Colleague: 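Just dropping this structure here.
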4 protein chains.
Amino acid sequence: MTEPDFRDYMTVRLIGGGADDASVVAAARVSTAGLDSLEYLEGGADEGSGLINFLMRNRHGTPFEHNQFRFYIHAPIFVFREFQRHRVGWSYNEESGRYTKLEPVFYIPSSQRKLVQEGKTGEYRFRAGNKEQHTLVAEGHKRVARQAYANYLRMLDMGVAKEVARMTLPLNLYSSMYATCNARSLMAFLGLRTERDEATFRSTPMREIEMVAEDMEDVFEALMPITHSAFNNSGRVCP
Amino acid sequence: MTEPDFRDYMTVRLIGGGADDASVVAAARVSTAGLDSLEYLEGGADEGSGLINFLMRNRHGTPFEHNQFRFYIHAPIFVFREFQRHRVGWSYNEESGRYTKLEPVFYIPSSQRKLVQEGKTGEYRFRAGNKEQHTLVAEGHKRVARQAYANYLRMLDMGVAKEVARMTLPLNLYSSMYATCNARSLMAFLGLRTERDEATFRSTPMREIEMVAEDMEDVFEALMPITHSAFNNSGRVCP
Amino acid sequence: MTEPDFRDYMTVRLIGGGADDASVVAAARVSTAGLDSLEYLEGGADEGSGLINFLMRNRHGTPFEHNQFRFYIHAPIFVFREFQRHRVGWSYNEESGRYTKLEPVFYIPSSQRKLVQEGKTGEYRFRAGNKEQHTLVAEGHKRVARQAYANYLRMLDMGVAKEVARMTLPLNLYSSMYATCNARSLMAFLGLRTERDEATFRSTPMREIEMVAEDMEDVFEALMPITHSAFNNSGRVCP
Amino acid sequence: MTEPDFRDYMTVRLIGGGADDASVVAAARVSTAGLDSLEYLEGGADEGSGLINFLMRNRHGTPFEHNQFRFYIHAPIFVFREFQRHRVGWSYNEESGRYTKLEPVFYIPSSQRKLVQEGKTGEYRFRAGNKEQHTLVAEGHKRVARQAYANYLRMLDMGVAKEVARMTLPLNLYSSMYATCNARSLMAFLGLRTERDEATFRSTPMREIEMVAEDMEDVFEALMPITHSAFNNSGRVCP
């Protein structure tokens, strides 16, 4: 058996869609300008800033929906479990353990990952683990991953269906998915899955989904800088 | 007062988004190919036909969601009332009678519009109206539209808020909206809002929303011909 | 023709569902207590207050979804137009102008309704209308309603289909609907459709939909007092 | 360490909500009867059968939404992974591996579970495994579960955060959730997650989620027998 691929990072790639600040302005302008609002689709973003901040602050959410981000994401199953709880404005297609043989790629926390939680439920604070703890986690997670994957392969070899064999695999196995959203559903995700000082309602996401969220936020900021800035200005509360 | 604009047609324009059959194939392929599925985004549609028909027939709906159609639609309010009941996978922004003075554009059924319904509730059949009925409808609807719009203007002149004045306007007043969807939510709409012989579950939509639906279906067929064909092959039941 | 029924109020009735604060506590407790969380379904609300406020403040929204409010609402069409833009967590069935003859019930603003708007778009302030304006509105709206309804009846008498005849009716015609939601979708609605000093994001709804919202909020407060209070404590931002 | 609990069954319990056929009839009747439709809420189901079958056959879906089923479900994580892909009309709260220590309960397929798949992707057929395969699966899955759980405990003992330790646990670990839906979203689920001869679009779900679905369908049939029957009559295509 080949050694599994152990890694400590996520992969996020924008693979399609279409998103810009002008689409927000045009959609908002249809409320007063009707057909003439289409001019704003081509328009410069100059004038848009005031309007977009107004929309965000007044929680006019629908103008932020007429755009699309299509992401390819490679992350562990425990991250996808949290991710796919976002139902509204999200579309998913994921690698299937029923239809395909799963590759041995597993997540192991990096030395940067804070390992120890303190405080009571719902108000955890995390601090760095010591060297012994990091070794325990890395070696323990690797050992179980190898044992589980060997068990998986043995079953496949013996003719057991993939969907039965894969039950033995651990939650840190990587999977792939397409996740498609719009700026509004993306902001709802970012508001909950990042921890930021400027947030009116502070969130405490698991670090691994925050790593995915941060990569997605970079894309968002690059394509819709005015909207992204307005989101921050409004305490990162999704409109 | 200027004479209102009476018209008997709808306006549907594709104003943005991004939709093709390749996105369906790629999204489905992620289930077996993971990252390699991205190749299909560029791929020819040749190989896609079998897969897309398979997805449709087996009601694998999610691969049809990673695309977007953004429409500008100009139609009477009674059409928008039905349209906006479609909640899932649809985003709307509409002209606002609170924020803007509404223009006097009203719908009058054309001479082609069948005016008489027969049969019992839920099983109506329509047949052509006679000349007297067409005259009655055209003249009656025009007269009331003029009376209502004059009332509207008078209130605006006297300083009454737009949102109060507009209550008097009739349901055949035109409005404008942006309506954004994906191929899956569009197929759900088309399945209910068109009447077609090849439908497994025959629907009996109001003719005016069907006029809008037919224009949207033309766009759908042009951008995603394989998906559109598979939809028809499967009895126009949205996956 | 009988004189239409002109009225200035809305009707909201709770007709079913099941909603209490205990369901929120139990749903939240499943995250730590699994099966044992079911005990909280019967539990007193005493202990629930701290938890419910915590959930609201930290935007844990899903525990507020395991309950249901079913409302019967009788209100003008222009109110339903705004209402039905709420897509998520809402179910609607409405009286049909295609299937039934519509009764002549129309909304006329009461003498309390502020009639004059000042300020620029998006920042309107309303002030009371003068007597002349109130007379103009009441008489103008009544006259057009009578003209439109007479036109409607004439077409029905001449055999024109109901769906064609009703296009002439004005937006202040009353309609009936069932609107079903849960506490989370109800809070999203209330946050946008009421204007309140304690709101972090102040909204400026049309007065007539706020009248409906206020009646719904009374029901919400009666059935889920702790949740309602926590909603206010958190600036009426839906979790 | 105590021996884990290995089991081969799912737990489904109705824990609340409110659902009956009368609510479907009443919601549909509001389209023609307005306020008078409320009488049907108390009504016998006698008259309802024809109407409910009509609604189902004509894909009038919304009348099936004004009711609620709240389920407590105990099943393996690989089942919840599929389950939670159902987004519309579903609410979830699940046991959290971040907030609580997970109990060692694991799924092992029973001797009835077909273990061998034949045919190509998307058209699998399953047949019984032989004794050797059953032994391999049971013993392999148990061994890995014990190894993983021991690793999990060791990390907790060493002060590692629960959310980090749990990554090592396998997909056949049981979890608990509340899953709340209405008859329409339940039918969409059942149409895809059961395999039945009377289905117009035959589905091939994984057996373990079908076990959950079958228990839920029993509840559905008991509470809404006419709706359930109409669903079968219409080829189990959700309206």
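Just so we're clear, the structure is a prediction, and the values are computed from it rather than from any experiment. Hydrogens, waters and symmetry mates play no part in the numbers below; they use all other heavy atoms, side chains included. Throughout, a chain's letter reflects where its sequence line sits, starting with A, and its residues are numbered from 1.
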Colleague: Need one label for Tyr124(D): side chain, backbone, both or neither, based on atoms under 4.5 Å from any heavy atom in chain A.
Modeller: side chain

Colleague: Looking at Arg98(D), Gln147(D), Gln84(D), Gln117(D), which makes the most heavy-atom pairs under 4.5 Å with chain A?
Modeller: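 The candidate making the most pairs under 4.5 Å is Arg98(D).
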
Colleague: In terms of heavy-atom pairs under 4.5 Å, which option from Glu94(A), Met158(A), Gln133(A), Met155(A) contacts chain D the most?
Modeller: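 Most heavy-atom pairs within the cutoff with chain D belong to Met155(A).
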
Colleague: Give, as side chain, backbone, both or neither, the part of Thr204(D) having an atom under 4.5 angstrom from any heavy atom of chain A.
Modeller: backbone

Colleague: Could you label the plane-to-plane angle of the Phe189(D) and Trp90(D) rings as parallel, tilted or perpendicular, counting under 30° as parallel and over 60° as perpendicular?
Modeller: tilted

Colleague: Assess the side chains of Ser176(D) and Tyr72(D): does a donor N or O sit below 3.5 Å from an acceptor N or O?
Modeller: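 Distance-only check passes for Ser176(D) and Tyr72(D).
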
Colleague: For Arg166(D), which atoms come within 4.5 Å of any heavy atom of chain A: side chain, backbone, both, or neither?
Modeller: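 Both backbone and side chain.
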
Colleague: Please flag which part of Glu208(D) lies under 4.5 Å from any non-hydrogen atom of chain A: side chain, backbone, both or neither.
Modeller: side chain

Colleague: Contact part of Phe126(D) toward chain A, heavy-atom cut-off under 4.5 Å: side chain, backbone, both or neither?
Modeller: side chain

Colleague: With a 4.5 Å cut-off on heavy-atom pairs, point out which of Leu136(D), Asn130(D), Val116(D), Val88(D) contacts chain A the most.
Modeller: Leu136(D)

Colleague: Given the options Ser96(A), Pro205(A), Gly97(A), which has more heavy-atom pairs under 4.5 Å with chain D than any of the others?
Modeller: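 Most heavy-atom pairs under 4.5 Å with chain D: Pro205(A).
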
Colleague: Tell me whether Asn67(D) contacts the main-chain N or O of Ala183(D) through its side chain, where contact means a donor paired with an acceptor under 3.5 Å.
Modeller: yes

Colleague: Could you tell me which portion of Phe106(A) (side chain, backbone, both or neither) has an atom closer than 4.5 angstrom to a non-hydrogen atom of chain D?
Modeller: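 Answer is neither: Phe106(A) stays 4.5 Å or more from chain D.
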
Colleague: Is chain D contacted by the side chain of Arg154(A), its backbone, both, or neither, given a heavy-atom distance below 4.5 Å?
Modeller: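 Both parts, heavy atoms under 4.5 Å.
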
Colleague: Quick one: does any side-chain atom of Ser185(D) pair with a main-chain N or O of Asn182(D) as donor and acceptor, under 3.5 Å?
Modeller: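 Here the side-chain-to-backbone pair exists.
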
Colleague: For the residue pair Arg7(D) and Tyr174(D), would you count it as a cation-pi contact if the rule is NZ or CZ under 6.0 angstrom from the ring centre and within 45 degrees of the ring axis?
Modeller: yes

Colleague: Quick check on Arg143(D) against chain A: is it the side chain, the backbone, both or neither that has a heavy atom closer than 4.5 Å?
Modeller: side chain

Colleague: Please classify the contact between Glu132(A) and chain D as side chain, backbone, both or neither, with a heavy-atom cut-off of under 4.5 Å.
Modeller: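 Looking at Glu132(A), just its side chain touches chain D.
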
Colleague: Only pairs of heavy atoms separated by less than 4.5 Å count here; which of Ala148(A), Gly129(A), Gly140(A) has the most with chain D?
Modeller: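 Heavy-atom pairs under 4.5 Å are most numerous for Gly140(A).
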
Colleague: For the side chain of Tyr92(D) and the backbone of Phe80(D), is there at least one donor-acceptor N/O pair under 3.5 Å apart?
Modeller: no

Colleague: If we ignore hydrogens and angles and just use 3.5 Å, is the side chain of Arg184(A) paired with the main-chain N or O of Pro239(A) as donor and acceptor?
Modeller: yes

Colleague: So with a 6.0 Å cut-off around CD of Glu195(D), is the heavy-atom count from everything else above 12?
Modeller: yes

Colleague: Any luck finding a side-chain donor-acceptor pair between Thr194(D) and Arg236(D) under 3.5 Å?
Modeller: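 Thr194(D) vs Arg236(D): donor-acceptor pair found between side chains.
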
